[in-house]
Amino acid sequence: MTATPHLVGWAHTRFGRSEQPDVETLMAEVAVPALADAGLAAADLDAISVGVFGSGFSPQTFDAALVGAGTPELARTPAVRSENACATGSAALYAAFDMVESGRARAVLVIGAEKMTAVPGATVGDVLFGAAHRRTEGRYETFPGVFARLAREYRERYGDQREALARIAAKNHLNGVSNPYAHLRKDLGVDFCSTVSERNPVVADPLLRTDCSLVSDGAAAVVVAAPHIAATTRRAVAVRGRVQANDPMPVDARGDALAFDAAARAFHGALAEARITLSDLDLLETHDCFTQAELLQYEAFGIAEPGKGGDALAEGRTLRDGVLPVNVSGGLKAKGHPIGATGVSQHVMAAMQLVGEAGDMQLPRAGRAAVFNMGGAAVANYATVLEARA
């Protein structure tokens with residue numbers, strides 16, 4: 001029998017342009033606070049799992065060892081780094097879940113971090129484009145260009161989705177106002193998000209600046225523990241289901257680029273493992289790297305029929321007072337998207353809701369949550385179902 005992993009403590013920096021000079025100091029900002037939040041000491045850890053995308057953001061590598069460099073009491077704890085493009089944080093979490101489920105570890109500190117703003121914008125764009133398949137997708141020039149291709153195909157098949165994309169952006173920015181960790185805490189409104197302007201230019205037709213997530217610095221940490229450790233902590237969140245699924249990296253190698261087939265397999269697989277259905281969820285933190293991504297996820301997850309994702313928005317189903325609130329944290333769109341930190345941050349945001357510690361973000365009812373994090377254009381897909389300990 002496997003041991004159910006529990007999230008028993010967490011910490012989170014403000015996302016945005018950080019004064020911290022590098023990933024080492026960002027990770028140090030959350031390492032000890034996460035342990036303290038769990039009521040554990042460095043000696044209680046069996047391992048550290050780190051998620052840093054890197055890939056050109058910094059000349060410093062060997063990110064797993066940087067935890068001990070910035071927090072000396074952790075320097076002798078076994079540490080390893082995971083990387084899976086924009087799903088790097090969830091990859092690090094899943095490594096920790098595996099350690100606990102197998103009995104190889106009782107408690108694991110997971111840290112996701114990224115320092116993105118210290119390099120020029122052109123370098124950021126090139127690093128991010130590394131998450132696309134350059135040999136077959138080089139003609140799109142940028143990572144937003146890959147999702148713009150999906151947006152154009154969607155428009156050709158189903159009609160103009162401009163209003164739907166603007167509603168997603170406006171929803172997530174409005175939600176981000178209540179998140180003290182968010183990069184951009186400003187209600188932009190549907191009109192602004194739907195209109196091309198000097199402040200909201202076209203990035204890659206038809207995607208506007210408000211359709212794209214933010215370039216951010218930040219870190220988040222979670223302590224993952226076995227049930228017997230979780231039983232001694234002041235609160236805990238259980239991992240009830242979790243699945244990773246992959247699709248071919250080149251988008252053109254898939255049967256239907258808009259189907260997000262592996263995203264659907266991961267999401268529905270996690271629900272099945274948790275023995276629940278979509279209607280049993282009280283919130284969803286999902287990967288809105290672009291508004292088009294969130295729209296396609298609605299349709300992959302069964303929130304809306306193919307081509308009808310806009311209806312879920314028009315009817316208010318994914319608003320914070322809707323039947324399934326989506327990205328109450330503001331999502332990547334408003335909270336920010338420091339690559340390695342994102343998957344860990346999403347789990348922290350969901351856990352805070354489930355234990356009633358989400359402050360101004362708190363929903364009236366939050367019993368079960370799903371988290372979806374993806375790398376590339378829905379290439380590496382991670383879905384997790386979380387539930388507060390009874």
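Atom set for the values below is all heavy atoms of this structure, side chains included, hydrogens, waters and symmetry mates excluded.
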TODO: Walk me through it: do Y382 and Q346 pass the test side-chain hydrogen bond (donor to acceptor under 3.5 Å, both in side chains)?
DONE: CA-CA 12 Å; Y382 293 78; Q346 289 177 305; over 6 Å; no

Open item on the list: Assess the residue pair T318 and Y298 against the criterion (side-chain hydrogen bond (donor to acceptor under 3.5 Å, both in side chains)); give the C-alpha distance rounded to whole Å, side-chain angles, the decisive distance to 0.1 Å, and a yes or no.
Closed with: CA-CA 9 Å; T318 59; Y298 289 175; 3.1 Å; yes

- [ ] Determine, stepwise, if the pair S197 / T195 fulfils side-chain hydrogen bond (donor to acceptor under 3.5 Å, both in side chains).
- [x] CA-CA 6 Å; S197 67; T195 305; over 6 Å; no

Task: Full working for side chain to side chain contact (heavy atoms under 4.5 Å, CB included) between R17 and S216 - done: CA-CA 6 Å; R17 186 177 290 274; S216 311; over 6 Å; no

Open item on the list: I'd like to know whether M116 forms a side chain to side chain contact (heavy atoms under 4.5 Å, CB included) with F53, so could you lay out the CA-CA distance, the side-chain angles of the two residues, the decisive distance to 0.1 Å, and finally the verdict.
Closed with: CA-CA 10 Å; M116 301 176 70; F53 179 57; over 6 Å; no

Open item on the list: Could you walk me through whether H287 and H337 satisfy the ring-ring contact (aromatic ring centres under 6.0 Å, His included) test, starting with their C-alpha distance in whole Å, then the side-chain angles of each, then the deciding distance to 0.1 Å, before giving a yes or no?
Closed with: CA-CA 9 Å; H287 192 99; H337 186 22; 5.2 Å; yes

- [ ] Take V326 and K171 through the side chain to side chain contact (heavy atoms under 4.5 Å, CB included) test and state the conclusion after the steps.
- [x] CA-CA 9 Å; V326 176; K171 167 183 69 69; 4.1 Å; yes

- [ ] Could you please spell out the steps behind the side chain to side chain contact (heavy atoms under 4.5 Å, CB included) verdict for I111 and V344?
- [x] CA-CA 7 Å; I111 302 179; V344 181; over 6 Å; no

Task: Derivation of the side-chain hydrogen bond (donor to acceptor under 3.5 Å, both in side chains) call for Q244 and N246 - done: CA-CA 7 Å; Q244 179 192 355; N246 270 48; 3.1 Å; yes

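When all heavy atoms of T384 and V239 are compared, the closest pair comes out as CG2-CG1, 3.9 Å. Heavy atoms only, all atoms of each residue included: G130 and M249 are closest at O-CE, 4.1 Å. The heavy-atom pair separating Y158 from P306 by the smallest distance is OH-CB, 3.6 Å. In this structure, A341 and G218 approach most closely via the heavy-atom pair CB-O, 3.7 Å. Scanning all heavy atoms of the two residues, the minimum distance from R149 to D252 falls at NH1-OD1, 2.6 Å. Contact between L278 and G302 at its shortest, heavy atoms only, is CD2-O, 3.6 Å.
In this structure, CG on L214 lies 12.0 Å from SG on C289, to the nearest 0.5 angstrom. Taking CG of N373 as the reference point, atom OG1 of T286 lies at 8.5 Å (rounded to 0.5 Å). Rounded to the nearest 0.5 Å, atoms OG (S194) and CZ (R167) are 9.5 Å apart. Rounded to the nearest 0.5 Å, atoms CG (N200) and CZ (R209) are 7.5 Å apart. Taken to the nearest 0.5 Å, the SG atom of C212 stands 11.0 Å off from the CG atom of L128. Distance check, rounded to the nearest 0.5 Å: CE of M27 to CG of D22 gives 8.5 Å.
For the side-chain hydrogen bond (donor to acceptor under 3.5 Å, both in side chains) test with H173, the passing option among K186, R185, K333 is K333; the others fail.
Using a 4.0 Å cut-off between a side-chain N of Lys or Arg and a carboxylate O of Asp or Glu, E153 and R157 qualify as a salt bridge. Between D282 and R368 there is no salt bridge, since no side-chain nitrogen of the basic residue lies less than 4.0 Å from a carboxylate oxygen of the acidic one. A salt bridge does not link E24 with K115: every distance from a Lys NZ or Arg NE/NH1/NH2 to an Asp or Glu carboxylate oxygen is 4.0 Å or more. One finds no salt bridge joining R275 and D280 here, because no Lys/Arg side-chain nitrogen approaches an Asp/Glu carboxylate oxygen to under 4.0 Å. By the 4.0 Å N-to-carboxylate-O rule, D217 lies too far from R14 to be salt-bridged with it. Between R155 and D160 there is no salt bridge, since no side-chain nitrogen of the basic residue lies less than 4.0 Å from a carboxylate oxygen of the acidic one. Ionic pairing of R265 and D247 is present here: one or more N-O contacts between side-chain nitrogen and carboxylate oxygen are shorter than 4.0 angstrom.
The environment of CD in E305 is sparse: at most 12 heavy-atom neighbours from other residues, nucleotides or ligands sit within 6.0 Å. The number of heavy atoms from other shown groups lying within 6.0 Å of CD (E315) is above 12. Other residues, nucleotides and ligands contribute over 12 non-hydrogen atoms within 6.0 Å of the CZ atom of R234. Environment of CZ in R76: sparse, with no more than 12 heavy atoms of neighbouring residues, nucleotides or ligands closer than 6.0 Å. Other residues, nucleotides and ligands contribute over 12 non-hydrogen atoms within 6.0 Å of the CZ atom of R235. In this structure, E141 places its CD atom where only 12 or fewer heavy-atom neighbours from other residues, nucleotides or ligands lie under 6.0 Å away.
Formation of a donor-acceptor pair under 3.5 Å by the Q20 side chain with backbone atoms of L26 is not found in this model. Listed for the R320 side chain is a donor-acceptor partner under 3.5 Å among the backbone atoms of M361. One N or O on the side chain of Q362 and one on the backbone of Q353 form a donor-acceptor pair closer than 3.5 Å. A donor-acceptor pair is defined here as one N or O able to donate and one able to accept, closer than 3.5 Å; such a pair exists between the side chain of T88 and the backbone of N84. In this structure, E137 contributes its side chain and V251 its backbone to a donor-acceptor pair below 3.5 Å. Proximity of a side-chain donor or acceptor of R317 to a complementary backbone N or O of I303 within less than 3.5 Å is detected. Judged purely by atom type and a 3.5 angstrom limit, T71 has no side-chain atom pairing as donor or acceptor with the backbone of G68. Listed for the E114 side chain is a donor-acceptor partner under 3.5 Å among the backbone atoms of G54. Checking side-chain atoms of T142 against main-chain N and O of G145 turns up a donor-acceptor pair under 3.5 Å. In terms of modelled atom types and a separation under 3.5 Å, the side chain of R152 and the main chain of D205 share a donor-acceptor contact.
For the residue pair N327 / N175, no side-chain donor-acceptor distance below 3.5 Å is found, with atom types taken as modelled.
Taking the side chain as every heavy atom from C-beta outward, V110 and V223 never approach each other to under 4.5 Å. Taking the side chain as every heavy atom from C-beta outward, Y140 and F147 never approach each other to under 4.5 Å. Counting heavy atoms from C-beta on, the side chains of E294 and N172 come closer than 4.5 Å. With contacts defined as side-chain heavy-atom distances shorter than 4.5 Å, the pair M349/Y181 qualifies. For the pair H347/L93, a side-chain contact is recorded, criterion being any heavy-atom separation below 4.5 Å from C-beta on. Side-chain contact between S102 and D98: absent, with no pair of heavy atoms (C-beta onward) separated by less than 4.5 Å. Between V203 and D211, the closest side-chain pair of non-hydrogen atoms is not below 4.5 Å.
Taking the six-membered ring where the residue is Trp, F301 and F372 present perpendicular rings, their angle passing 60° and hence far from 30°.
For R242 and Y94, the positive end sits near the middle of the six-membered ring, less than 6.0 Å away and at most 45° from its axis.
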